[in-house]
Amino acid sequence: MVLTRNSTIEIRHSRDVATVFQDLLSLEDTIDRDKEHFYVMHVNAWQQVHLVELVAIGTLNHANVHPRETFRRAIVEGTYSIVVAHNHPTGDVTPSEADITLTRSLHEAGELLLIPLLDHIIFTDKNRSFFSFRDNKTQSTLQTQGKKYGMKNCRDRKGVK
């Protein structure tokens, strides 16, 4: 489900990303906010949000996510890069082993598709906290994406426009 399209929001830091997702989740009613939501933010070459989609809604502590659904719209839309995010309804933004495994899998899929995964954000709406895999160097492959979102090339993409 596409939640926003062609915004003028520029993504420069993980806080920018977390705020977008926290604001979207806050639009849900209380019962739905208590379920995990998995989002994909499609970012264009100018580091602007092209669109944000809700890919999955799960239960209190799990959302079923697969690289196929994560990258499906990115392929169709010709997305330059993506940022994924999901909430932890418990309020604890510490990544689980499943979160780390998913991030690794999505990073590898993005490398294959030439649609880089810039970051994976875990956030909560309870205290507006968040965890950035890239900022915290949890997933070593995300360290190569640069120190800020503002970098034009997330990795060497010679010949790709």
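Residues satisfying the salt bridge (Lys or Arg N to Asp or Glu O under 4.0 Å) criterion with E69, sequence neighbours excluded, are absent altogether. By the salt bridge (Lys or Arg N to Asp or Glu O under 4.0 Å) test, R33 is found to be paired with D125, residues two or more places apart in sequence or in another chain being considered. Scanning for salt bridge (Lys or Arg N to Asp or Glu O under 4.0 Å) contacts around D34 gives K126, with sequence neighbours left out. A85 meets the side-chain contact (heavy atoms from CB on, under 4.5 Å) test with F21, I121, F123; sequence neighbours excluded.
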List the atom pairs, with distances to 0.1 Å, where a side-chain N or O of residues 55-64 and a protein N or O form a donor-acceptor pair under 3.5 Å, not counting sequence neighbours.
from: T59; atom 1: OG1; to: H62; atom 2: N; distance (Å): 3.4
from: T59; atom 1: OG1; to: H62; atom 2: O; distance (Å): 3.3

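Separation of atoms OG (S129) and CD (Q22) is listed at 7.0 Å; rounding is to 0.5 Å. The line from CG of L54 to NE2 of H86 is 13.0 Å long, rounded to the nearest 0.5 Å. Here the straight-line distance linking atom CG of L117 with atom CZ of R104 works out to 12.5 Å at 0.5 Å rounding. To the nearest 0.5 Å, atoms NE2 (H120) and OG1 (T70) are separated by 9.5 Å.
Within a 6.0 Å radius of CG in L27, other residues, nucleotides and ligands contribute more than 12 heavy atoms.
Contacts classified as salt bridge (charged side-chain N to carboxylate O under 4.0 Å, His left out) and involving residues 91-101 (residues at least two apart or in different chains) are not found.
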Q: In sequence, state the C-alpha distance, the side-chain angles, and the governing distance for D23 and R128, and then conclude on salt bridge (charged side-chain N to carboxylate O under 4.0 Å, His left out).
A: CA-CA 10 Å; D23 290 348; R128 303 291 284 186; 2.9 Å; yes

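Between F133 and F131, the angle of the ring planes goes over 60°, which puts this pair in the perpendicular group of the 30/60° scheme.
Cluster annotation: V76 is not connected to L114 through the hydrophobic network of ILVMFWY side chains, with a link wherever side-chain heavy atoms come within less than 4.5 Å.
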